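Here's the structure, in structure tokens; my notes come after.
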Amino acid sequence: MSTPQIPDEFLAKVARRATARMARTDRPFLAERVLGITAHRVRDRRLKADLLGAAADAQLSRGLVPRHLVQAYGAELACADAHLKAGRKKEAAAALTRALLLAFHRIPHVDRLHSPLSDDPAGFTARLRASTTARAVAAPRGRKTPPAVPPTDRPLRLLVVNRANANFLGLLTQRYADHPGIELRTLDLAADPVLAPLAKGLRRMIELPLGTQAAYAAEVEAALRPHLDWADTVFVEWCSTAAAFMTLVDPGSTRIVVRLHKYESFTYWPHIMDFSRVDDVVFIAEHMRELTTTAVPRLLATDAPRLHFLHNALDLRRFDRPKSGDARFIVGLIGIGQIAKDPRWALEVLRLLRARDERYRLMMVGGGIDPAPSAAAAAYHEALEKDLAELEPTGAVRRLGPTDDVPGVLTGVGVILSSSVREGCHVGLMEGAAAGAVPVVRDWPFVAGRPHGTRTLFPEDWIVTTPQQAAERILAVTASEEIRAEAGRKASRYALSTWDWETVRSDYDRLLLGADR
């Protein structure tokens, strides 16, 4: 006896009531379960996607991660694939755009202390990899000619490209501006009057490889071709908008190098880029390479770009200065403007320290967390401010705010703390170590227990897993100023010999110039 089919209209009514219930309660689990059951039984593809998407939006608007997030973005992908199969390419692009914006919404991946992508990178992105529309957008379009051999009769022409974020390019551009073997140009896509309006817009960047943006493709080709024709090598900073934009056109014989930091791995850009037009991808940490290639396994294919691990370009020698007399009991936290920095974890360490000795204080450097982007950010900001309202009046915490003199600030810091849940390399910690502050590094939960992470990036004795372990390490290394100073000198030697630009720059020379230039 067959099970009677329940009309979609009735199921949709139940699902909408469940969504409304989720918006009114702080315990939406039953409503989410009802929603999942009813939406699963809806047969109309578009209606299913709309119901799941509306419910996901309701949860995200409250700062919560929908339990059915994968199901919701998968329903949009199903719509995209049906449109593509029927030849409706613009509709397919629109549905894929909605799926990507939902899957990579900032709340699950940026404004929380854990992420479904880092928890299970292969599982979270499986539906995206299975989508015929997503595969069509990222399909290899290749180049007509291979990248040319570097010239031997003139300097290499190097074009360094970014889009409104050149924070980590200063040492690179300075070196190659003065290098006799290189002729350097820089290009900020956001500042160029011709390229700025072209280098944005996710949907049209999706439509172009599907063949529905001929006029836009011609504009991009005309705008980029002079830059590509001039350059022998293009170094694109950040594997995000700029990298996706640059690979919309055939680079010809020009070599394309893209550097990925951290945040890009939690965005949709690596999933829609045509990596057949990229020759080299540079990761600033092994754990970011591991996470990204697990989520985007085509980066490990035989025809994929060459993958490199090169440390960030940091001028650490300017931090090597004598400590002030009261640095021993000052714990520093450099950079607190993101939830991923988890400054509340640092405050818990401070409470444990002060329970033993009230001379310990925490110095917080950098701008605070902006509550505006989401309800999740607002909730963390509120909780942090409540903590600080308790601790600041006692003198236990000092907030310095942003400063242009981090080396000067660090002369008064005896211990440098990384309380983050995720990092690429944590520049603030490296700077603190170079300054002779003793490092105490939380085993970043996003990568803890994996083959690569904090324990492969830093010495084992720097790493702790709990606030209690962090407090015990700090108490041990600050038992006397002599012990702290020696541990600080050891950390400084390690930092300068491993991450300073004087050490790292030869790796970039080999990447960009080749071993013999």
Side-chain angles (χ1 to χ4, degrees), residues 56 59-60 63-66 69-70 72-74 77 96-129 134 138 163-165 167-168 202 205-206 236-244 258-273 275 281-299 307 312 335 337-342 369-370 373-377 380 418 420-427 442 444-450 452-454 457:
Q59 292 293 73
L60 292 167
L64 302 175
V65 178
L69 178 60
V70 171
Y73 96 72
L77 290 176
L96 175 58
T97 300
R98 285 193 292 269
L100 292 171
L101 293 173
L102 187 58
F104 295 96
H105 193 283
R106 64 174 293 139
I107 284 176
H109 310 297
V110 177
D111 290 341
R112 293 182 65 84
L113 298 176
H114 57 87
S115 158
L117 177 61
S118 66
D119 291 343
D120 182 9
F124 184 78
T125 58
R127 296 196 187 197
L128 186 59
R129 296 196 308 277
R163 183 174 178 270
N165 190 338
N167 292 350
F168 298 110
L202 171 62
M205 289 193 196
I206 288 174
V236 187
E237 178 73 324
W238 306 98
C239 185
S240 57
T241 315
V258 174
R259 183 164 67 169
L260 184 148
H261 290 261
K262 171 193 65 179
Y263 117 91
E264 308 99 292
S265 298
F266 296 89
T267 71
Y268 42 71
W269 293 112
H271 299 273
I272 65 168
M273 276 182 55
F275 282 106
V281 176
V282 177
F283 297 88
I284 62 159
E286 289 278 22
H287 60 273
M288 294 316 305
R289 172 161 63 179
E290 182 180 283
L291 180 115
T292 306
T293 55
T294 303
V296 191
R298 60 194 170 93
L299 281 169
L307 305 183
N312 217 334
Q338 304 168 29
I339 291 174
K341 302 292 185 181
D342 201 8
I369 290 171
D370 183 0
S374 73
Y380 191 97
S418 175
S420 304
V421 294
R422 69 171 183 185
E423 289 285 352
C425 62
H426 202 169
V427 171
R442 181 184 186 181
W444 303 327
F446 272 42
V447 293
R450 296 189 176 165
H452 295 97
T454 51
L457 186 59

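The analysis underlying the following values was restricted to heavy atoms, covering all of them including side chains, and did not include hydrogens, waters or symmetry mates. Just so it is clear, the model here is predicted, and its values are computed rather than measured.
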> Does the side chain of Leu100 come within less than 4.5 Å of Ile206's, by heavy atoms?
Replying inline: yes
> What pairs with Val427 under side chain to side chain contact (heavy atoms under 4.5 Å, CB included), at least two apart in sequence or on another chain?
Replying inline: Phe168, Asn312, Leu314, Cys425, Glu431
> For the atom pair CG (Asp370) and CD (Gln338), what is the distance rounded to the nearest 0.5 Å?
Replying inline: 11.5 Å
>> Between Asp120 and Thr294, is there a side-chain heavy-atom distance shorter than 4.5 Å?
In response: no
> Hey, does Arg127 have a side-chain heavy atom less than 4.5 Å from the side chain of Tyr73?
Replying inline: yes
> Could you state the interatomic distance from CG (Leu60) to CZ (Arg106), rounded to the nearest 0.5 Å?
Replying inline: 12.0 Å
>> Measuring from atom CZ of Phe446 to atom CD of Glu423, what distance do you get when rounded to the nearest 0.5 angstrom?
In response: 10.5 Å
>> To the nearest 0.5 Å, what is the distance between OG on Ser118 and CZ on Arg112?
In response: 11.5 Å
>> Minimum heavy-atom separation for Pro270 and Arg298, please, with both atom names.
In response: O-NH2, 2.9 Å
>> Which heavy atom of Met205 sits nearest to which heavy atom of Ala244, and what is that distance?
In response: SD-CB, 4.4 Å
>> For His109 together with Phe124, are the ring centres under 6.0 Å from each other?
In response: yes
> Is there a side-chain contact between Leu291 and Phe283, using heavy atoms and a 4.5 Å cut-off?
Replying inline: no
> Looking at residues at least two apart in the chain, or sitting in another chain, which of them share a side chain to side chain contact (heavy atoms under 4.5 Å, CB included) with Ala295?
Replying inline: Leu117, Pro121, Thr125, His271
> When you measure from the side chain of Thr293 to the backbone N and O of Glu290, does any donor-acceptor pair fall under 3.5 Å?
Replying inline: yes
> Does any non-hydrogen side-chain atom of Pro445 lie less than 4.5 Å from one of His114?
Replying inline: no
> Are any of the side-chain heavy atoms of Gln59 and Val65 separated by less than 4.5 Å?
Replying inline: no
> Taking only residues two or more places apart in sequence or in another chain, which ones pass side chain to side chain contact (heavy atoms under 4.5 Å, CB included) with Ala243?
Replying inline: Val236, Val258, Met273
>> Please enumerate all residues that pass ring-ring contact (aromatic ring centres under 6.0 Å, His included) together with Tyr263, with sequence neighbours excluded.
In response: none
> So do Ile284 and Leu260 actually touch side chain to side chain, heavy atoms under 4.5 Å?
Replying inline: no
>> Treating Arg129 as the side-chain partner and Ala122 as the backbone partner, does any N or O pair qualify as donor plus acceptor under 3.5 Å?
In response: yes
> Hey, does Pro108 have a side-chain heavy atom less than 4.5 Å from the side chain of Leu69?
Replying inline: yes
>> Could you work out, with salt bridge (Lys or Arg N to Asp or Glu O under 4.0 Å) as the rule, every residue matching Arg422, not counting sequence neighbours?
In response: none
> So, Glu264 side chain and Cys239 main chain: donor-acceptor pair closer than 3.5 Å or not?
Replying inline: yes
> Closest approach of Trp238 and Asn165, non-hydrogen atoms and distance?
Replying inline: NE1-O, 3.1 Å
> Atom NE2 of His287 and atom OG1 of Thr292: how far apart are they, to the nearest 0.5 Å?
Replying inline: 9.5 Å
> When you look at His426 and Lys262, which way does the side-chain contact (heavy atoms from CB on, under 4.5 Å) test go after all the steps?
Replying inline: CA-CA 10 Å; His426 202 169; Lys262 171 193 65 179; over 6 Å; no
> Which atoms form the tightest heavy-atom contact between Gly424 and Ala285, and what is the distance?
Replying inline: O-CB, 3.2 Å
> Under the side chain to side chain contact (heavy atoms under 4.5 Å, CB included) test, which residues partner Leu113, sequence neighbours left out?
Replying inline: Ile339, Asp342, Tyr380, Val421
>> To the nearest 0.5 Å, what is the distance between OG1 on Thr97 and CG on Leu102?
In response: 12.5 Å
> Minimum heavy-atom separation for Ser418 to Trp444, with atom names?
Replying inline: OG-NE1, 3.0 Å
> Looking only at heavy atoms, which two atoms of Ile369 and Ala377 are closest? And how far apart?
Replying inline: CG2-O, 4.3 Å
